[in-house]
There are 2 protein chains.
Amino acid sequence: MSDRSYYSQAFHGPFETFDLGHIDLESGYRLRGAKIAYRTIGSLSAAKDNAILFPTWYSGTSGIIEQAYVGSGRALDPGKYFIIIANQIGNGLSSSPSNTAAPFGAAGFPSISIGDDVNAQHALLTRQFGISELQLVLGGSMGAQQTYEWVVRYPDFVKRAAPIAGTARATAHNKLLVQTFIDAITSDPNWNSGSYAQSSSVHRGLSRHARAFAASGFTPKLYATEGWRGIGFTSSDDFVTAFVEAHFAPQDANNLLVMLRKWQNGDASRNTGGCLKTALSKITAKVSVLAIAEDHFFPLADIEAEQQMIATSELKKISSPWGHLALFGTDPSYNLAIDTHLNALLSA
Amino acid sequence: MSDRSYYSQAFHGPFETFDLGHIDLESGYRLRGAKIAYRTIGSLSAAKDNAILFPTWYSGTSGIIEQAYVGSGRALDPGKYFIIIANQIGNGLSSSPSNTAAPFGAAGFPSISIGDDVNAQHALLTRQFGISELQLVLGGSMGAQQTYEWVVRYPDFVKRAAPIAGTARATAHNKLLVQTFIDAITSDPNWNSGSYAQSSSVHRGLSRHARAFAASGFTPKLYATEGWRGIGFTSSDDFVTAFVEAHFAPQDANNLLVMLRKWQNGDASRNTGGCLKTALSKITAKVSVLAIAEDHFFPLADIEAEQQMIATSELKKISSPWGHLALFGTDPSYNLAIDTHLNALLSA
């Protein structure tokens, strides 16, 4: 398998691609011939008033999100809603280091911001679908960062929002944690400042990155109770290797780094001169802020501190031994709680 | 400054050295001319019945422990007790990669177990001081591992024990976390499988290791509340660099790795064929199990699960935004809680 074939519909389920043309990035660079990959489920109503947007989290694609969150009988019911899952820039399906030509491909890919993603998604919604209103924008982790950016930037566009397990502005602790993930990859001499022939040659760095991710992404309780047995793993080493390392091993190192740096710099207060309170006061959408109580990536207290600055919001706490990575949909009680909170928000 | 000069009394305060002679390690190797460095404060009574043993934690030495835990008016009062702080093997003061001759020095240093440390300390106490009873053995983190080993191995020797923020057996999560610290160092090409001329050439790996340590060792709350301001740092980056990186930068990479691997393999149930319950049932000392509620290295639930297997124990919870690294003594309320619990234990 070549590195590229991983980023295909065979691996990630069906998706379509919209040509954005040239997009001007916050970094000052222009990305020419940019593309956004997206998946839609359900039908857009004639009035175009039943759309939901769900941007992807770090290293995820539209396929896992559809699998974990969308379905008949779920809150995100394609019988009612037109659900658009937007792959974030850098994830390998949308424009990314791995699919962009020199001099902007691979190590030359420009720095991307959460704001760049929201601009690309806005273009997709308005130009491809003629949508001017979203019933809901939601996302987990980096998807929550994009959700906050949406409601701060486009208050009139978004009726409801559900940022899950993420913050509007990365905290000092979060930046430090993400730096350890970056360090795990860039410390591999085969990464070679991003100039490698095959990402698989960076396998030691990717493996270290996966272990660091697994150590903080799940809770100590998950390991203590061997909660991974329920999804088919035989030991903690097997779980970390066959679940987490296997998830990252086929991914492109430069793609991951573009996303990690975007995560680390996530900051909705860029829009208001660095004042987070002012940024969050722009929100008019009804917001259900969903936090995972045991989350070590985006701790409850950090999420709650932001939630208290949003007048139209409520905080809902979900408990899971899977911690931050309950996002993946492996914990039925987490999935049930998500649907309960989203149903309440959608019917409000 | 050479690498070695760091491991001196100039940096770590006064200590003495006891020649252990040849010691046979659990690994099967014999360490010839082994030495244990220790610090005593107070006077041994004529009856030799006022001794307290305090082994060191990971990367710590007797100096920091004396500073943080010992003093007139503290629970560990040298006016009452003869306090022996034993430097663990591998910490640079006792026998370590950095001070042992070839072929057992540097990368050739044999694997060390928590049991090897306890054997060395037992030899120190009995042969150097003629002590056959300890009023108290206590320690934090890897010091707690050694404390558990003591009370399982030498129940008649120890009247009281206070393992702080540590476990008798490393959990799967703990092993994974320690592996990320190991990975951070060994991923540096200059580490070169342990064969380097100067540990300072491994500075990139040591810096990554420090950042990973800081990301989990302190709590997100410490960063959110800028709790490091109280001890003289100006930003989270300054704190991580000037406090944590500065702590590790002068240390020898192979020394740190000997301790990390010892930590990872810490398991008092080695003494009872792998059955932890049987191991802990051997304990006759009165045990005050001290846990830090916010600890991400040794989470409360993991500590509590072991404590419930010790009939003679009580669990005491201490809360600190400093998390695991409250051990360093930077949080006055942690220090006060420690003294309260140790005073209660010592008067029992």
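Computed from a prediction, not measured in an experiment: that's the story for all the values here. Proteins come first, then strands; the chains are lettered A, B, ... in the order of their sequence lines, and each starts at number 1.
- Across Ala184(A), Pro220(A), Gly205(A), Ala172(A), the residue that shares the most heavy-atom pairs under 4.5 angstrom with chain B is Pro220(A).
- For the set Ala301(B), Ala215(B), Pro299(B), Ala305(B), the count of heavy-atom pairs under 4.5 angstrom toward chain A peaks at Ala215(B).
- Using a 4.5 Å cut-off between heavy atoms, Pro189(B) touches chain A through its side chain atoms alone.
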Extract the chain B to chain A donor-acceptor pairs under 3.5 Å, no hydrogen or angle test applied.
{"from": "His173(B)", "atom 1": "NE2", "to": "Ala215(A)", "atom 2": "O", "distance (Å)": "2.7"}
{"from": "Asp183(B)", "atom 1": "OD1", "to": "Arg211(A)", "atom 2": "NH2", "distance (Å)": "3.0"}
{"from": "Asp183(B)", "atom 1": "OD2", "to": "Arg211(A)", "atom 2": "NE", "distance (Å)": "2.9"}
{"from": "Asp183(B)", "atom 1": "OD2", "to": "Arg211(A)", "atom 2": "NH2", "distance (Å)": "2.6"}
{"from": "Arg211(B)", "atom 1": "NE", "to": "Asp183(A)", "atom 2": "OD2", "distance (Å)": "2.9"}
{"from": "Arg211(B)", "atom 1": "NH2", "to": "Asp183(A)", "atom 2": "OD1", "distance (Å)": "3.1"}
{"from": "Arg211(B)", "atom 1": "NH2", "to": "Asp183(A)", "atom 2": "OD2", "distance (Å)": "2.6"}
{"from": "Ala215(B)", "atom 1": "O", "to": "His173(A)", "atom 2": "NE2", "distance (Å)": "2.7"}

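- Proximity to chain A involves both the backbone and the side chain of Ala212(B), based on heavy atoms less than 4.5 angstrom apart.
- Residue Ala214(A) touches chain B through both its backbone and its side chain, counting heavy-atom pairs closer than 4.5 Å.
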